[in-house]
Amino acid sequence: MNSKHDMHSMRHSLAHITANAVQNLWPQAKFGVGPVIENGFYYDLDLGGITLSEDDFAKIESEMTKIVKQNQPFKQFNLPIDQAIEWAVKNKQQYKKELLNDLKRSGTTVAKDLDVQELGLESADDSKVDSVSFYQNGDFTDLCRGPHVEKTGDVGVFKLMRVAGAYWRGKVDNPQMQRLYGVAFKTQSDLDAYLQQLEDAKARDHRKLGKELDLYVTSPLVGAGLPLFTPRGTVLREKLAGYAEQLRKEAGFQRVSIPHITKTDLYKVSGHWDKFGDELFLVKSQETSDEFALKPMNCPHHNQIFAGRPRSYRELPLRYFETTTVYRDEKTGELGGLSRVRSITQDDSHVYCRRDQLETEVGVLIKNVQTLYRLLNMPLKARLSFRDKSDAYLGDESLWRIAQQVLSSLAVESKLESFTVEGEAAFYGPKIDFMATDALGREHQVATIQLDFVMPERFELEYTNETGNPERPVLVHCALLGSIERFLSVYIEHTAGWFPFWLAPEQVRVLTINDSVLDYAQKVKNEVAATVLAKPLRYNELRVGLDDRNETLGRKIRDAVEAKVPVIMIVGNKDAEAMQVSIRLRDKEEKVELTNLKSFLQHLV
RNA sequence: GCCCCGAUAGCUCAGUCGGUAGAGCGCAUCCAUGGUAAGGAUGAGGUCACGGGUUCAAAUCCCGUUUGGGGCUCCA
């Protein structure tokens, strides 16, 4: 038995022990499912009117410890399905009964919304089930396929972490159960290491750093999910968007501009009204009876620019680009920090091209994505988000097949590390969604490239081809950063706030040692401010601050380091006399002549 | 939207049994004029998120709202 499997059994057994403990404490408890998850396990519970809170954890944990100490053996046995249902009825386990009935009726097909591990099946195929498996320890019995450790004493160390609401079988209309989460490891030191990891992640949480580094604020008067960016945060937004724009310009994109409100008619044509109408912010005119909305995406508007005059095949591909904010009335419970907001700024682009230009256009965009994330030092994976067999998608199925084929072969050609997920497509077409890996190894969805044969159809976009006949263009949506807000949440945590030199809100801070060098310090500051970086942004004027407070040097250094300013320049009498500055970088110190300062800064990475 | 937990000074937090508030940091003023991660002293700052209710009395108990966090569901 390999160690992973072993850990899995331990965590799975702990899920049972958790349920066992809960049953001892609250005998009326009804149980849902209790699978193993990353680093631990959970169990879904229904305690009637009783709600658990973290205050109950100590009590539950000590009951669990009791069971562990008794070292009860886990015994496996099978029951014919009808006897299993009788067992559920007799023990008033309505959720288990529902599962068993589904299994009896149609095997795992109906119950595939649940973790197969939790179903007491001998095999997980689609056939009907005749007999199911149970595990028993002490006086606690649960429907379960296993595997388990031999005895309750073999489960390692554990800790209950949180309790949360979860809908039975993941459906909003079902009753909501209480999901009790725990983590578990073989040894105390493994658990401690994991808890330490959580602490470390907390230290670079973008919400904490956003406040500490003065990047953005929120205001109850403005509303939830509507962050306000400070001057420092705005630098990050503009420089990142500026670089994304620079890549687009190199690829032949032109900037366009659109208003932020529109008649809702636009979305009735696009199909968004039917699918996302309840997430639109509506705007009333006091002049006309027209119904307006804040734009929740940009493609329909860009489509209207395309449709603004007749188009010839000669002018394709037409490539539009814009960094602009869209507004979505996300459910309040889903908002959080910068990762999920209601004002979403996208570096959005749309290519209108002929069918035979599609591969080239998408290929260029993939290169852009690769260039950007290489610069930001984040490894990429590509998820090919394709359709499944459901009818949630618009447009002709053969077009979908072609589009998915194009994306698959481009992924190979571009040497992307890719995988395919069916059912992740947009309603109008398949996508490549790019996942970036951050410094803690977490994956985040960032850039996206989306093929669209549907919008051009619905908006009746056309151009005149070589033979004088109208033809539909293909539409390619692409965002390199995706949502700039969400991207910032990822990137702040990736860098822990230590942004690269070209991007840092305050790139240089000049510290004075005493008042007698104020003039010289000002001169140094001016020299820095007059310096322009040409890479990776083609034009990037240096941002420099001056700390001439009446404080000790030690204090000023500490403050500059805490503000994560990458270049600290120290200016005292010795420096003024020698016409030099003492430069302190993160990993080294050196003296630079004032006359060499510009070139020194331009060569920093 | 649903479930759970929070909201006390600009920030991070303490505040016991219900008796109208405290620390550190920051800020201001003064002293110290300094060479690589916190110099010293003094001082100002709070309708305890907001609105109701219970009570002789509410930061504290109850209800609602706003808002933050953890999940579920959703994500063009």
Side-chain angles (χ1 to χ4, degrees), chain A residues 42 44-46 51-56 161-181 202 205 207-208 211-212 214 217-226 267 270-280 295-300 326 328-337 339-342 344 346 348 394 424-429 431 433 445 448 450 452 454-455 477 479 482-483 486 511-518 548-563 568-575 582-584 589:
Chain A
Y42 67 76
D44 282 348
L45 315 162
D46 176 352
T51 55
L52 291 178
S53 81
E54 295 188 11
D55 301 338
D56 299 309
M161 297 298 283
R162 63 181 74 93
V163 60
Y167 300 106
W168 167 237
R169 305 183 81 162
K171 299 221 172 59
V172 180
D173 299 327
N174 283 344
Q176 193 159 36
M177 307 187 74
Q178 302 185 69
R179 180 167 294 176
L180 189 51
Y181 285 91
K202 229 190 227 167
D205 187 309
R207 293 165 297 202
K208 183 173 145 76
K211 194 174 275 181
E212 286 174 4
D214 189 26
V217 299
T218 55
S219 154
L221 286 176
V222 173
L226 298 167
Y267 304 121
S270 71
H272 291 97
W273 180 260
D274 283 340
K275 200 156 164 81
F276 300 107
D278 55 345
E279 289 184 33
L280 293 185
K295 68 178 162 84
M297 85 286 297
N298 308 306
C299 33
V326 298
R328 297 177 187 174
D329 197 1
E330 305 278 4
K331 293 170 188 154
T332 52
E334 289 155 0
L335 302 171
S339 29
R340 198 74 185 266
V341 293
R342 296 201 277 194
I344 304 157
Q346 301 174 324
D348 205 2
L394 301 181
E424 281 290 327
F427 73 87
Y428 48 68
K431 315 184 274 182
D433 292 314
Q445 189 178 324
T448 180
Q450 316 185 349
D452 187 347
V454 173
M455 275 318 135
H477 311 250
S483 148
R486 189 183 52 203
L511 315 185
T512 57
I513 286 181
N514 60 47
D515 291 351
S516 66
V517 292
L518 276 179
D548 57 0
R549 290 175 302 165
N550 284 330
E551 289 291 349
T552 57
L553 180 61
R555 176 48 177 272
K556 292 184 191 183
I557 288 172
R558 183 184 161 86
D559 288 348
V561 171
E562 281 192 341
I568 297 171
M569 294 188 178
I570 294 162
V571 173
N573 305 73
K574 295 174 208 161
D575 302 291
S582 303
I583 294 184
R584 184 186 159 120
E589 288 172 36

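Residue numbers begin at 1 in each chain, while the letters A, B, ... track the order of the sequences.
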May I ask you to verify if any side-chain N or O of A:S53 is less than 4.0 angstrom from the OP1 or OP2 atom of B:C4? no

State whether the distance check finds a donor on one side and an acceptor on the other, under 3.5 Å, for side chain A:D575 versus base B:G35. yes

Touch check for A:E54, heavy atoms < 4.0 angstrom, all strands: base, sugar-phosphate only, or nothing? nothing

Ignoring hydrogens and geometry beyond distance, is the side chain of A:Y167 in donor-acceptor contact with the base of B:G71 at under 3.5 Å? no

Does the base of B:A76 carry an N or O that pairs as donor and acceptor with the side chain of A:E279 under 3.5 Å? yes

Taking N and O atoms by type only, does the side chain of A:R162 place a donor or acceptor under 3.5 Å from a partner on the base of B:C5? no

Tell me whether the rings of A:F427 and A:F276 are parallel (<30°), tilted (30 to 60°) or perpendicular (>60°). tilted

Ranges pairing with ranges for RNA chain B, where each run has three or more Watson-Crick or G-U pairs under 3.5 Å: B:1-7 with B:66-72, B:10-13 with B:22-25, B:27-31 with B:39-43, B:49-53 with B:61-65

Hey, is the main chain of A:G572 close enough, under 3.5 Å, to the side chain of A:D575 for a donor-acceptor pair? yes

Check whether the side chain of A:S582 and the base of B:G35 form a donor-acceptor pair under 3.5 Å. yes

Distance check: side-chain N/O of A:R555 vs OP1/OP2 of B:A37, anything under 4.0 Å? no

What about A:R340: does its side chain form a donor-acceptor pair under 3.5 Å with the base of B:C74? yes

